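Nothing fancy with the numbering, it's 1 onward along the sequence. Counting starts at 1 for both ligands and their atoms, following the listed order. The model shown is predicted, which means the values in this text are computed figures rather than measured ones.
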Amino acid sequence: MSTRKVVELPRRTVSTVSPLTGELLREFEQHSDDAVEKKIALAAATFRDYRKVPFAQRSAMMVRAAEILEKEKDAFGPMMTQEMGKTLKSAVQEAEKSALGCRYYAENAEKFLADEDAKTNATRSFVRYQPIGPVLAVMPWNFPFWQVFRFAAPALMAGNVGLLKHASNVPQCALAIEDIFRRAGFPEGAFQTLLIGSDRVNHVIADRRIAAVTLTGSVGAGRSVATAAGKEIKKCVLELGGSDPFIVMPSADLEKAAETAVQARVINNGQSCIAAKRFIVHQQVAEQFEKKFVARMASLKVGDPMDTATDVGPLATADVLKGLEGQVQKTIEMGARVLLGGKRLDRKGNFFAPTVLADIPKGSPAYEDELFGPVASIYFANDMSEAISIANDSIFGLGACAWTNDPKERDFFINEIESGLAFINGMVASDPRIPFGGVKHSGYGRELGHHGIHEFVNVKSVCIQEADAGKSRTE
Ligand code: NAP
């Protein structure tokens with residue numbers, strides 16, 4: 001009898017676990033190494049022809065992708081809600097916004113990537129933008145459609161092909177997006193989903209056929225992907241976390257500011273990189289703002305995200321809930337004052353109570369880290385300059401907004417705030433028409449706008465010297 005032991009390899013799966021009930025709803029086997037190899041080979045082969053497809057044809061396919069999103073938003077919405085807990089209302093809006101992103105690049109890509117004339121000593125000089133190849137996109141669960149489309153629409157319109165490694169808790173969304181591009185008429189291999197865990201990302205980055213990588217996610221994941229990309233000298237774009245400040249000055253419309261502050265904090269159940277997380281309020285209006293803000297946070301309806309009356313659904317995973325709970329507990333232990341909530345809700349599902357904290361000690365998680373959930377931190381300042389010092393005392397620099405009707409304060413804010421987005425009297429939001437990205441640990445590179453489509457292209461400088469022109473000059 002053989003004494004050889006049979007070693008059981010762990011089953012590698014990605015799964016949908018309901019954030020509402022904790023139930024395992026669907027499970028998918030991860031793609032094997034062999035399947036991943038085949039997908040990379042297909043991506044590389046597809047790129048060789050796809051890069052030559054004229055803009056008009058790419059554009060027609062991208063418009064079809066938009067049409068599918070619009071037509072089937074009521075099927076995609078519940079899928080997102082079921083996988084990661086966002087409210088159904090916002091999930092349907094996300095499908096619509098993804099369609100908008102597709103249309104934006106379908107309409108503008110050719111213009112953005114047109115040759116640009118330059119002046120040199122040559123007879124004719126110009127810059128030509130060309131696609132670079134298969135781009136790996138490592139994406140997060142919080143906007144499971146929008147995050148992917150805002151990468152994929154410019155990448156495919158530029159003539160690149162995409163490989164998506166989506167977050168492990170949203171496999172149905174990942175496969176649905178692949179299917180949308182297939183049905184829109186893009187060639188097999190133009191956009192593929194890799195069902196793999198994060199431990200297999202570096203292996204894909206190291207593959208010579210992969211031209212570049214983009215990651216939207218946490219600082220830790222960004223550091224790991226940037227290290228792997230750096231080792232291979234590959235272009236990398238990082239869209240990482242944020243702890244956005246929301247500054248309120250005495251000249252602001254306080255009612256509107258408080259109303260928007262709540263929206264800005266609890267958007268996506270509090271799990272948005274550009275959610276306002278730190279509310280920095282001028283002393284003169286501190287009491288009034290605090291009262292209005294806390295009352296509104298207290299009146300939010302927490303519950304089933306499929307219910308259209310729900311304002312705040314469950315957090316995406318049990319781990320996100322555990323992480324947030326630990327951060328809040330530690331902040332309170334270090335001396336923060338609890339104005340509202342402060343703990344998980346005593347019910348099934350990943351629910352955390354809408355929470356407001358004040359007197360946040362420096363060094364505490366609420367001061368230093370990103371809080372991904374419906375937890376707001378309030379700070380007080382004596383003027384715009386102090387408010388900005390507090391705002392900039394963060395490793396992050398993604399979005400920021402200031403509520404003021406004083407032109408001098410506005411200018412000061414726009415110039416001094418360390419962030420990639422600066423909004424006045426409005427909530428920070430992504431929009432296909434303007435670039436999106438951050439500074440400091442919020443990452444580098446930009447998505448959206450014309451900047452977004454220029455991230456993954458070869459900027460080729462062309463100089464042509466006509467023999468005749470040279471001759472006539474020397475004559
Ligand atoms: P995450 O844990 O970093 O995961 C994001 C993606 O990275 C997932 O696909 C994940 O795969 C993968 N990943 C995790 N660790 C990795 C590693 N060491 N190497 C390679 N890949 C790795 O982030 P998340 O919890 O999904 O998303 C929340 C974070 O994303 C927040 O910090 C938020 O602020 C940020 N975010 C930023 C933006 C922006 O535009 N700046 C937008 C949205 C979200 P697995 O799921 O398999 O672990």
Side-chain angles (χ1 to χ4, degrees), residues 12-17 19 28 30-31 83-86 94 136-151 163-171 173-174 193-206 213-229 231 236-244 267-277 315-324 327 350 369-373 394-399 419-421 428-431 435-448 452 455:
R12 297 179 137 203
T13 56
V14 284
S15 32
T16 305
V17 176
F28 299 81
Q30 279 195 28
H31 289 141
E83 290 210 294
M84 51 66 66
K86 68 174 13 153
E94 184 171 333
L136 172 68
V138 183
M139 290 288 144
W141 45 261
N142 61 342
F143 292 94
F145 268 52
W146 172 233
Q147 290 296 342
V148 177
F149 279 95
R150 72 193 219 180
F151 148 72
L163 284 158
L164 166 68
K165 180 271 177 273
H166 216 326
S168 293
N169 55 325
V170 289
C173 291
T193 282
L194 303 176
L195 292 181
I196 58 172
S198 55
D199 56 325
R200 297 169 71 197
V201 166
N202 286 2
H203 179 72
V204 179
I205 294 173
V213 56
T214 179
L215 173 127
T216 300
S218 57
V219 172
R223 190 170 275 129
S224 167
V225 161
T227 303
K231 211 165 135 211
C236 172
V237 165
L238 299 178
E239 294 287 357
L240 308 179
S243 188
D244 286 9
I267 180 176
N268 215 34
N269 305 338
Q271 305 157 116
S272 166
C273 52
I274 47 166
K277 290 160 190 148
L315 300 179
T317 67
D319 277 351
V320 174
L321 174 64
K322 207 167 135 207
L324 181 69
Q327 288 173 311
N350 309 323
D369 304 335
E370 178 182 31
L371 264 48
F372 229 46
S394 166
I395 59 164
F396 297 109
L398 191 55
S419 65
L421 301 120
V428 176
S430 63
D431 181 320
F436 185 100
V439 293
K440 307 200 276 188
H441 278 35
S442 291
Y444 48 74
R446 291 292 180 267
E447 290 186 310
L448 303 178
E455 288 289 355

- Looking just at side-chain N and O atoms, do Glu370 and Ser243 make a donor-acceptor pair shorter than 3.5 Å? no

Taking the side chain as every heavy atom from C-beta outward, state whether [X] and [Y] have any atom pair closer than 4.5 Å.
X      : Y      : result
Phe396 : Lys440 : no
His166 : Pro144 : yes
Glu83  : Trp141 : no
Asn142 : Asn269 : no
Val225 : Ile205 : yes
Asp244 : Lys277 : no
Cys236 : Thr214 : no

Can you find a non-hydrogen atom of Arg150 under 4.0 Å from ligand 1? yes

Q. With a 4.0 Å cut-off on heavy atoms, is Phe143 touching ligand 1?
A. no

So which heavy atom in the protein is nearest [atom], and how far is it from that ligand atom?
atom                    : value
atom 41 (N) of ligand 1 : Leu240 O, 2.7 Å
atom 27 (O) of ligand 1 : Pro140 CB, 3.6 Å
atom 6 (C) of ligand 1  : Met139 O, 3.5 Å
atom 47 (O) of ligand 1 : Ser168 OG, 2.5 Å
atom 28 (C) of ligand 1 : Phe372 CE2, 3.5 Å
atom 24 (P) of ligand 1 : Trp141 NE1, 3.4 Å
atom 44 (C) of ligand 1 : Asn142 ND2, 3.2 Å
atom 35 (C) of ligand 1 : Gly217 O, 3.2 Å

Please could you name the atoms of ligand 1 that [X] approaches to less than 4.0 Å, counting only its heavy atoms?
X      : result
Val225 : 20 (C)
Val138 : 6 (C), 7 (O), 9 (O), 12 (C), 21 (N)
His166 : 9 (O)
Thr216 : 5 (C), 36 (N), 37 (C), 38 (C), 39 (C), 40 (O), 42 (C), 43 (C), 44 (C)
Ser198 : 11 (O), 13 (N), 14 (C), 15 (N), 16 (C), 19 (N), 20 (C), 21 (N), 22 (C), 47 (O), 48 (O)
Lys165 : 9 (O), 11 (O), 45 (P), 47 (O)

Main-chain N/O of Val219 paired to His441 side chain as donor or acceptor, under 3.5 Å | no

ask   = Going by distance only, is there an N or O of Glu370 that falls short of 3.5 Å from an N or O of ligand 1?
value = yes

Q. Is Ser218 close to ligand 1, meaning an N/O of one under 3.5 Å from an N/O of the other?
A. yes

Output for pair (Asn169 CG, Ser15 OG), nearest 0.5 Å, gives 8.5 Å

Between the CD1 atom in Ile196 and the NZ atom in Lys165, the distance rounded to the nearest 0.5 Å is 6.0 Å

In the complex you have, is atom 4 (O) of ligand 1 within reach of the protein, judged by whether a heavy-atom distance drops under 4.0 Å? no

Determine whether the side chain, the backbone, both or neither of [X] has a heavy atom under 4.0 Å from any heavy atom of ligand 1.
X      : answer
Asn169 : neither
Leu215 : side chain
Ser224 : side chain
Val201 : side chain
Gln271 : neither

Residue set satisfying salt bridge (charged side-chain N to carboxylate O under 4.0 Å, His left out) with Asp319, at least two apart, ordered chain then number -> none

Across all chains, not counting sequence neighbours, the side-chain hydrogen bond (donor to acceptor under 3.5 Å, both in side chains) partners of Ser430 are Lys97, Trp146

Salt bridge or not for Asp199 and Arg12, using N-O below 4.0 Å? yes

